[in-house]
Structures are given as structure tokens and as C-alpha cells.
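Notes follow once the structure below has been shown.
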Number of protein chains: 2
Amino acid sequence: MHAELQLDNQVCFRLYTAARLVTQAYTPMLTELGITYPQYLVLMVLWEKDCQPVNDIAHRLMLETNTVTPLLQRMEKLGIISRKRGEQDKRQHIVSLTAKGREMEQKAYDLIPTGMSEQLASCPLKLEDYQRLVQELDSIINTFKK
Amino acid sequence: MHAELQLDNQVCFRLYTAARLVTQAYTPMLTELGITYPQYLVLMVLWEKDCQPVNDIAHRLMLETNTVTPLLQRMEKLGIISRKRGEQDKRQHIVSLTAKGREMEQKAYDLIPTGMSEQLASCPLKLEDYQRLVQELDSIINTFKK
DNA sequence: ATAATTTATATCGCAAGCGATTTATTCCTA
DNA sequence: TAGGAATAAATCGCTTGCGATATAAATTAT
């Protein structure tokens, strides 16, 4: 029996589980918006800076283009983004928000912070715990990013 | 521009990214074992206690049976677990390790702690940071679990 | 300038993850 | 004890995530 191989001793299993559960907590609000969590991430990237090539979005989310491309194709079908070939560099696909995609920012703002803080009410973590958590997660991300 | 909706302010995005990256860090060792990360989680559950019904494994991993059942079917095909109907309760499928599945514990022990600590060498977090991180993640998991 | 290389994106195939539904068995209850 | 509710597991359909590969455009080297 190797203690190192016990589930209870695994940071990774906790990250994996916490990520799944917190993502699930977003689901009711995101369903109301008609999108998924990864689609919401793409929207946050574009709300911050519209008109970006696929690669920039992928880098920002630390995902591969083979994940992001189909995600964007589905979002295009939903009418929340549009894609057009880059003018200087025709290999690029420039992704921009449609009016619908832009309007979703306000709806998200109305639903998500409230919805999440209700669910977080029973969480014992304080503001400074979250701040430290964010730093620790950033350390882990920086350690393992390529 | 809503600061609440910026990627940089999101704990969830960090959890999602850290979980993906740390899971990827396991991949080289797990590939050598011929399994995936979720399959490794199932093995850890069974190494700790062999012969469990599908539901107990799913609860331990906080996953639904509709995720775990196909995972177990793939593991059965790989020859690392076997499934048989429960004797008292014929609805259950009791999952047990094969000889191959049992032998993988030692191989995992030889590969994974070493492989991970090599990769973690450049991580600035100390033992006490990990211990606190584990507690914070457990708080989050407890807040959001069903 | 032409060929080789690199870069941007897309496509393919497979494993997860999960909501919704189905099937089989067991439990409970009238 | 017959019938309905609850439970265990499986199936279906869809999205994501990713390794491997393909395609097309741009860059570079010869």
C-alpha cells in the first residue's frame, strides 16, 4: 500500500474535482444564456478585446487550436461570434463578437456574479484565502505551462 | 467593462487550467502504463479497496455513473479490471482488479512520484503551501458537491 | 525567384463528462 | 402479495480536450 498513490493525498484529484464542481455551479446561469463554460471563457476573452485571431484566443485560454476551432465553429452557429479571414495574413481567422455576443456581456453580468455569490455563501474561505489561492494556482499553472 | 467578468479575476478559470495542466503532466507516465488520468483515478480507488460496485467508485470520484460506466468498460477491454453481477443485489456490477491491474500499482509507484516531483522541482510552492491548498480545495469541493 | 521551412488553422479519431432517458432489480406500501 | 416507487447501472447525444495529421499561406534560405 503506497501512501503516495492514495486518492486522499492527491492535489491533482482535488484540482480536477474542484474545477468540475465549480464549472457545474456556473451551468444554471450559463444555460440561461444558452452557452457552455468554455464558450463563456471565449466570450470573456472577446469582451476584453474584440477581433482576435484564433491563436491569440487559444493562447489566452491555454488551449490548443484543435480545441478552440470547433468551439468557435459552434459559437458561430449560435450567432454570437463571426469569423473572417485576416486581411494582411490570409492564414488567420479573425474572430469578432456579433451584436448578440456583445449584448450577452450585460446579461452575464446580471446573472453570474449574483448566482455564484449565492452558491459561495456557505464556503468558509475569506477574501484573503481566495487571493492566496489565486496566487498558488498561478504558481502551479506557470510551473506546468508549455 | 465589468471587472467581475475578466478572465484575470476568475478563480474558476484558474482551477480549470491548473487541473488540465497538472493532468497533462501525468500523461507521459500514464502513457507508459497504457492508461489515462481518469483510469488512473479508478485504479487508485480499487488499489485502496478492491471489489466495489460502480456506484461506490463513482461516489468516491464524485462522478456520475454515466461517466464511470463507459470508463470501466474501456478498462475491462484493457484487461485491468473485471466486472461481475452482484450476488446479493443483481442490479450491481462489482468491479475488481485483474492480476494486471494489481501489478500496475508497483509500476505506478516506480514511475509517478518520481516523474511528478521532477516536474514540480521548479514550482515555488512549499510543503505547507500544498497542505493549505489541499484544505482550500476541499472547502471548495465541499461547498459545491451535491 | 524557387524550394524548403515555418506558421495558422482545420480535420480526424478517441476518451471524458454530463443531462436525459432506459432497463432491470429491489424495496416499500397499501 | 400485487403494484408503485426507488435504486443500480447502462445507453444516447452532445460538447470538450487533445494527439496526430493535413492544408494553405507566409517566411526563409539557397
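Naming convention: chains lettered A, B, ... in sequence-line order (proteins, then strands); numbering from 1 in each chain.
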At a heavy-atom distance below 4.0 Å, which nucleotide of DNA chain C is the first touched by chain A, and which is the last? C:dT7 to C:dC18
Residues that B:D110 engages under side-chain hydrogen bond (donor to acceptor under 3.5 Å, both in side chains), provided they are two or more places apart: B:Q106
Mind jotting down which residue pairs meet the salt bridge (Lys or Arg N to Asp or Glu O under 4.0 Å) criterion with at least one end in residues 119-130 of chain B? Sequence neighbours excluded, please. B:D129-B:R132
Going by the rule side-chain hydrogen bond (donor to acceptor under 3.5 Å, both in side chains), which residues pair with A:K145 if we only count those two or more places apart in sequence or in a different chain? A:N142
So which pairs with a foot in residues 57-106 of chain B pass ring pair (Phe, Tyr, Trp, His ring centres under 6.0 Å), sequence neighbours left out? none
If a pair satisfies side-chain hydrogen bond (donor to acceptor under 3.5 Å, both in side chains) and one of its residues is in residues 39-58 of chain B, list it, with sequence neighbours excluded. B:E48-B:R60
Protein proximity profile, nucleotides 8-15 of chain D - base contact B, sugar-phosphate-only contact S, no contact -, cut-off 4.0 Å on heavy atoms: SBBB---S
So which of residues 21-30 of chain B are in contact with DNA chain D, with a heavy-atom cut-off of under 4.0 Å? B:Q24
Take atom CD of A:E64 and atom P of D:dA20, then tell me their distance rounded to the nearest Å. 11 Å
Can you sort out the partners of A:H2 under ring pair (Phe, Tyr, Trp, His ring centres under 6.0 Å), two or more places apart, ordered by chain and number? B:Y109
pair B:D8-B:F13: side-chain heavy atoms closer than 4.5 Å: no
Which donor-acceptor pairs under 3.5 Å do side chains of residues 63-74 of chain A form with protein atoms, sequence neighbours excluded?
| from | atom 1 | to | atom 2 | distance (Å) |
| --- | --- | --- | --- | --- |
| A:T69 | OG1 | A:T65 | O | 3.1 |

Test side-chain hydrogen bond (donor to acceptor under 3.5 Å, both in side chains) applied to A:Y26 - qualifying residues, sequence neighbours left out: B:Q10
By side-chain contact (heavy atoms from CB on, under 4.5 Å), which residues pair with B:E76, not counting sequence neighbours? B:I81, B:R83
